[in-house]
> 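Got a structure here, written out as structure tokens. Questions coming.
None of the values given here were measured: they were computed from a predicted structure. Values reported hereafter were calculated over all heavy atoms of this structure, with side chains retained and with hydrogens, waters and symmetry mates removed. To find a chain, count down the sequence lines: A is the first, B the second, and so on, and within it residues start at 1.
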Amino acid sequence: MISDLMADPVAVAKMDKIVALCKRRGFIFQSSEIYGGLNGAWDYGPLGVELKRNLKDYWWRSMTQVRDDIVGFDGSILMNRAVWQASGHEATFSDPMVECLLTKKRYRADQIEPQSGTAYYYKGFKANSSVPQDKSNPLDDGQSILSTETALPFAVLVPKGKPEASAQKTARQYYEGRVQATITDLILDRSEVVEKSTSFNPENGSLLSEPRTFNLMFKTYVGPVQDESAITYLRPETAQAMFVQFKNVLEVSRKKLPFGIAQIGKAFRNEINPRNFTFRSREFEQMEVEFFVKPGTGPEWLEKWKEERLAWYEAIGIPRAKIHVLTVPDADRAFYSQGTYDLEYEFPFGVQELEGIAHRGNYDLKQHQDHSKKPLEYFDEELKQKYLPEVVEPSAGVDRTVLAVLCEAYAEETVKDEESGKEETRVVLRFVPRLAPIKAGIFPLLKNKPELVEKARGIQKALQPLMKVAYDEAGSIGKRYRRIDEEGTPFGITVDFETLEGAKEASVSATGAPIAAGEKETVTLRHRDSMKQERIAIADIPAYLLARIA
RNA sequence: GCGGGCGUAGUUCAAUGGUAGAACGGUAGCCUUCCAAGCUACACACGAGGGUUCGAUUCCCUUCGCCCGCUCCA
């Protein structure tokens, strides 16, 4: 499914344009760009930081302000190493990998099915060679056409009873894939019967590489002495700090179950392969709630949270139809999970996860209670008993959601100039106003008319304490409108000659109030999405805008 | 990490073993009465390092980054 979308040249081109726009307008830059960048790290520019803040603020208000069963929290990134030992990250957040020498495919070493059979070990091969066998050896000019022997150990496992010929076939494939030469003979070293070996690829019998470990946590040292006792990790998720502080937060917040803890913060994963712009980064930000509920009520809260979160995405401009709810199958679920929904968005590069909503049972609290030897139970006054609550965790990626918002907002449309009939492409970011980095652009129609400039500056000053606005007087008014379109600014306010001279004819203000002919102190209000213009009284602007950006 | 492709202004694209060009965009000025108008000027690039060479953006090596595939994705 993903590869189908990846292959779509329109989608790829759209993604390229979004990336270019992000840089051009200052949403997102590559980290440490002047030094060649750093794979999997990104910086948010002047517009990007506003967008990201607006997104986080809205999440924060949704969780901690408009509901009273969740309290906020901000945990440290560095924690006692014991946290990661108790959570299981230190032991399991790493994968021993092996590689098939023949196909170069990689497998989890612990998922290789043990094989039995006869293993044929080869020392190398003889070939009539006319090309270099060793590209790194400058003395090997590749001009030799002598029959040469090349040492390159390899092995193939074949089922018991099968002849060596089938092993030779695989070995020839391996050698021929590495040299452009006619292989005349294989040099057999030995053969032996093996039982339950995990050294060979079950799919083709090819020898596998030695297992190598990929630890996804960034290891670091606390304090000046870099020895074993100083090791800890940059947190790979924000969740653990909330579990570890469960008792403290519960105590001071005077909450009863069900209740939750909300946190927004950075997390770090040493991903094998960061990809797709900011989608998979090594440093990223999470928005997570740990919602603690009575034992047995986890499943129903899982459903509630799924609906809650879907509604939230609609409120930031991502339609429900673009969100795919994946019920994660048992086999793919993390071991602690008793049920997980993934909310996925249709990115141009494929359908990918924005948020995981997991019913984690009491796994985390139990682990920390066992390891710390500190009781983390909740006393239920109603039931007169102590228990470990279950946890439902809606865990969303901030950067991924920002990217989804950008992808969803990006639009190109063909607009026709009415005078010249000339067609042009208008690029516009249709952010919902509450997320837009800049809420309004403020313009004097002409910059060489001091009265217009002065009035526009006055409106700017009046709005600045209330919201992020931008003043611009450069170039033609049309150019300035197009510029704010690309930045996703929903409203344009233009001070024109009607502002100074009074309205030419009677009309209706954007607020619905009548405007009499000759009335002064009105400006043009221009809408980003429709490009429609209407008039509004200067005095009404703050209330009008505030009602639309909440 | 493996395999393949690719790195020239912010963007799109030229040219070249011997001073790197354009368009759009940007900045400033003039002008401009509502959707990227016009004029003038200015700034901005051969991803980085090394090698070959009298001279390298061009050839070679390394490295970094990007894209595609594999893999991974607590």
Side-chain angles (χ1 to χ4, degrees), chain A residues 2-3 6-7 12 15-17 19-26 29-41 84 87-89 92-95 97-101 103-108 135-136 138 177 209 212 214 216-217 235-237 239-240 267 269-277 279-280 286 332-337 340 342 349 352-353 356 358 360 364 393 395 415-420 422 424-427 443-449 452 474-486 492 494-501 523-524 526 528 531-533:
Chain A
I2 288 166
S3 53
M6 293 273 198
V12 170
M15 198 59 217
D16 288 346
K17 286 178 185 172
V19 173
L21 175 64
C22 282
K23 182 174 185 185
R24 175 155 42 96
R25 289 300 183 192
F29 305 117
Q30 190 178 24
S31 168
S32 14
E33 191 188 81
I34 62 169
Y35 288 106
L38 179 68
N39 199 213
W84 307 112
S87 70
H89 283 85
T92 66
F93 204 84
S94 62
D95 297 317
M97 305 288 300
V98 292
E99 192 174 277
C100 173
L101 297 180
T103 62
K104 297 279 184 191
K105 281 193 180 178
R106 288 166 117 200
Y107 303 90
R108 290 261 299 268
K135 288 179 183 170
S136 64
S209 69
R212 278 186 293 180
F214 294 85
L216 295 176
M217 285 200 291
R235 65 183 179 196
E237 61 176 28
Q240 294 306 322
R269 291 181 197 173
N270 208 349
E271 297 285 353
I272 295 170
N273 194 353
R275 273 293 158 90
N276 290 327
F277 199 27
F279 182 82
R280 181 173 301 147
Q286 294 182 304
D332 296 350
R333 252 182 357 239
F335 60 87
Y336 55 76
S337 169
T340 301
D342 280 352
F349 48 81
Q352 298 275 297
E353 182 184 347
R360 300 175 71 126
D364 302 278
E393 176 200 73
S395 171
V415 291
K416 200 169 176 180
D417 183 68
E418 285 176 13
E419 283 173 30
S420 66
K422 180 174 70 170
E424 288 180 329
T425 302
R426 181 173 83 116
V427 174
F443 316 117
L445 184 59
L446 299 176
K447 80 164 166 185
N448 58 1
K449 296 283 184 291
L452 297 178
S476 69
I477 187 68
K479 191 169 191 169
R480 284 175 268 161
Y481 284 153
R482 292 298 170 78
R483 189 154 31 205
I484 66 168
D485 287 343
E486 266 200 0
T494 303
V495 175
D496 51 30
F497 293 93
E498 268 186 65
T499 311
L500 305 176
E501 296 160 5
V523 294
T524 298
R526 184 260 192 186
R528 175 194 66 199
M531 297 195 289
K532 292 260 166 58
Q533 300 186 164

> Establish whether the base of C35(B) is bridged to the side chain of R526(A) by a donor-acceptor pair shorter than 3.5 Å.
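Indeed, a donor on one side and an acceptor on the other fall under 3.5 Å apart.
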> Does any non-hydrogen side-chain atom of M531(A) lie less than 4.5 Å from one of V415(A)?
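Sidechains of M531(A) and V415(A): in contact.
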> Under 4.0 angstrom, heavy atoms only, what part of the nucleic acid is F277(A) near: base, sugar-phosphate, or nothing?
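Sugar-phosphate, no base atom in range.
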> With C1' as the reference atom in both, quote the distance from C46(B) to C34(B) in angstrom, rounded to an integer.
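The answer is 42 Å between these two C1' atoms.
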> Which value, in whole Å, describes the distance between the C1' atoms of nucleotides G49(B) and G7(B)?
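It works out to 15 Å between them.
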> Just compare C73(B), A37(B), C35(B) and give me whichever is closest to any side-chain atom of K479(A).
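Out of C73(B), A37(B), C35(B), the nucleotide with an atom closest to K479(A)'s side chain is A37(B).
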> Any side-chain N or O of N448(A) less than 4.0 Å from the OP1 or OP2 oxygen of C30(B)?
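No, no such contact exists.
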> For C24(B), does either OP1 or OP2 sit under 4.0 Å from a side-chain N or O belonging to R24(A)?
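For R24(A), the contact criterion (side-chain N or O under 4.0 Å from OP1 or OP2 of C24(B)) is not met.
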> I'd like to know if the side chain of D16(A) reaches the main chain of V19(A), judged simply by a donor and an acceptor atom lying under 3.5 Å from each other, with no hydrogens or angles considered.
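Absent.
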> Give none if G49(B) has no partner; otherwise give the nucleotide forming a Watson-Crick or G-U wobble pair with it, both distances under 3.5 Å.
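G49(B) is paired with C61(B).
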> Between R275(A) and R280(A), is there a donor-acceptor pair closer than 3.5 Å when you use the side chain of the first and the backbone of the second?
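Such a contact is absent between R275(A) side chain and R280(A) backbone.
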> Return the pairing partner of G3(B) with a 3.5 Å limit on both distances, Watson-Crick or G-U wobble; otherwise return none.
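Here G3(B) is engaged in a pair, and the nucleotide opposite it is C68(B).
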> Return the nearest nucleotide to the side chain of R269(A); candidates are A36(B), C68(B), C73(B).
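Selected nucleotide: C73(B).
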> Can you check whether Y481(A) stacks with the C34(B) base, using ring centres under 5.5 Å and planes within 30°?
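Taking the rule of under 5.5 Å and under 30°, the ring of Y481(A) does not stack on C34(B).
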> Between the base of C67(B) and the side chain of R275(A), is one N or O donor paired with an acceptor at under 3.5 angstrom?
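A donor-acceptor contact between them is absent.
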> Give one of base, sugar-phosphate or nothing for R528(A), where a contact means two heavy atoms less than 4.0 Å apart.
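Counting heavy atoms under 4.0 Å across all strands, no contact is made by R528(A).
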> Using purine N1 to pyrimidine N3 plus N6-O4 or O6-N4 for Watson-Crick, or N1-O2 and O6-N3 for G-U wobble, both under 3.5 Å, which nucleotide pairs with G17(B)?
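Answer to the pairing question: none, since G17(B) forms no Watson-Crick or G-U pair.
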> Heavy atoms under 4.0 Å, any strand shown: does Y336(A) hit a base, just sugar-phosphate, or nothing?
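It contacts base atoms.
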> Would you say W84(A) and R235(A) make side-chain contact, with heavy atoms under 4.5 Å?
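Contact flag for W84(A)/R235(A) side chains = yes.
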> With heavy atoms under 4.0 Å as the rule, sort Q286(A) into base, sugar-phosphate or nothing.
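Touches nothing.
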> Taking the P atom of each, how far is U53(B) from C44(B), in whole Å?
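That atom pair is separated by 33 Å.
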> Taking the C1' atom of each, how far is C64(B) from G47(B), in whole Å?
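One C1' to the other, the span is 7 Å.
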> If I pick the P atom on U19(B) and the same atom on G5(B), what distance separates them, to the nearest angstrom?
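About 31 Å, rounded to a whole number of Å.
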> In this structure, how many angstroms lie between the C1' atom of G7(B) and the NZ atom of K23(A), rounded?
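K23(A) atom NZ is separated from G7(B) atom C1' by 12 Å.
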> Using atom C1' of each nucleotide, how far apart are G50(B) and A56(B) to the nearest Å?
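Rounded to whole Å, the distance is 13 Å.
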> When the distance from CG of D485(A) to C1' of C34(B) is rounded to whole Å, what number comes out?
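Result: 13 Å.
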> Suppose you measure atom C1' in G17(B) against the same atom in C59(B); what distance do you get, rounded to whole Å?
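Their C1' atoms lie roughly 9 Å apart.
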> Kindly indicate whether the side chain of Y481(A), heavy atoms from C-beta on, has any atom under 4.5 Å from the side chain of T494(A).
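Side-chain contact under 4.5 Å: yes.
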> Give a yes/no on whether any side-chain N or O of K447(A) is located under 4.0 angstrom from OP1 or OP2 of G29(B).
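True: K447(A) side-chain N/O within range (under 4.0 Å) of G29(B) OP1/OP2.
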> For A36(B), take OP1 and OP2 only and decide whether either is under 4.0 Å from a side-chain N or O of S476(A).
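Result: no.
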> When the distance from CD1 of I34(A) to C1' of C64(B) is rounded to whole Å, what number comes out?
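Rounding to the nearest Å, CD1 of I34(A) and C1' of C64(B) are 14 Å apart.
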> Go ahead and name the base partner of A56(B); Watson-Crick or wobble counts if both distances stay under 3.5 Å, otherwise write none.
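When the pairing criteria are applied, nothing turns out to pair with A56(B), so the answer is none.
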> Starting at CZ of R480(A) and ending at P of C31(B), how long is that distance when rounded to a whole Å?
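Roughly 15 Å, once rounded to whole Å.
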> Return the 5'-most residue of the pair L446(A), Q30(A) with respect to RNA chain B, ranking by each residue's nearest nucleotide.
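The residue whose closest nucleotide sits nearer the 5' end is L446(A).
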> What is the base-pairing partner of C30(B), counting Watson-Crick and G-U wobble geometry with both distances under 3.5 Å?
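Across all strands, the one nucleotide that pairs with C30(B) is G38(B).
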> Between R482(A) (CZ) and C24(B) (P), how many Å, whole number?
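That distance rounds to 16 Å.
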> Over how many whole Å does the gap from F29(A) atom CZ to C66(B) atom C1' extend?
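Whole-Å distance recorded here is 17 Å.
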> Take atom CZ of R483(A) and atom P of C34(B), then tell me their distance rounded to the nearest Å.
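Going from CZ in R483(A) over to P in C34(B) covers 18 Å.
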> Nearest 0.5 Å please: distance from the CZ atom of R480(A) over to the CG atom of L445(A).
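Those atoms lie 7.0 Å apart.
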> If the threshold is 4.0 Å, N to carboxylate O, is there a salt bridge linking K449(A) and E501(A)?
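Salt bridge between K449(A) and E501(A), a charged N being under 4.0 Å from a carboxylate O: no.
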> CG of L452(A) versus C1' of U32(B): gap in Å, rounded?
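In whole Å, U32(B) C1' and L452(A) CG are 12 Å from each other.
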> Would you mind telling me which residue lines up with the more 5' stretch of RNA chain B, E271(A) or D16(A), judged by nearest nucleotide?
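Counting from the 5' end, the first nearest nucleotide belongs to D16(A).
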> Are Q286(A) and S395(A) side-chain neighbours, meaning at least one heavy-atom pair lies under 4.5 Å?
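Of all side-chain heavy-atom pairs linking S395(A) with Q286(A), at least one is under 4.5 Å.
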> Roughly how many Å apart are U40(B) and A48(B), using the P atom of each and rounding to a whole number?
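Taking atom P in both A48(B) and U40(B), they lie 34 Å apart.
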> Suppose we define a pair by two distances each less than 3.5 Å, Watson-Crick or G-U wobble; what does U8(B) pair with here?
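None - no nucleotide pairs with U8(B), as no candidate has both distances under 3.5 Å.
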> From C-beta outward on R280(A), which listed nucleotide comes closest to its side chain: G10(B), C72(B), U33(B)?
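Nearest to the side-chain atoms of R280(A), counting from C-beta on, is C72(B).
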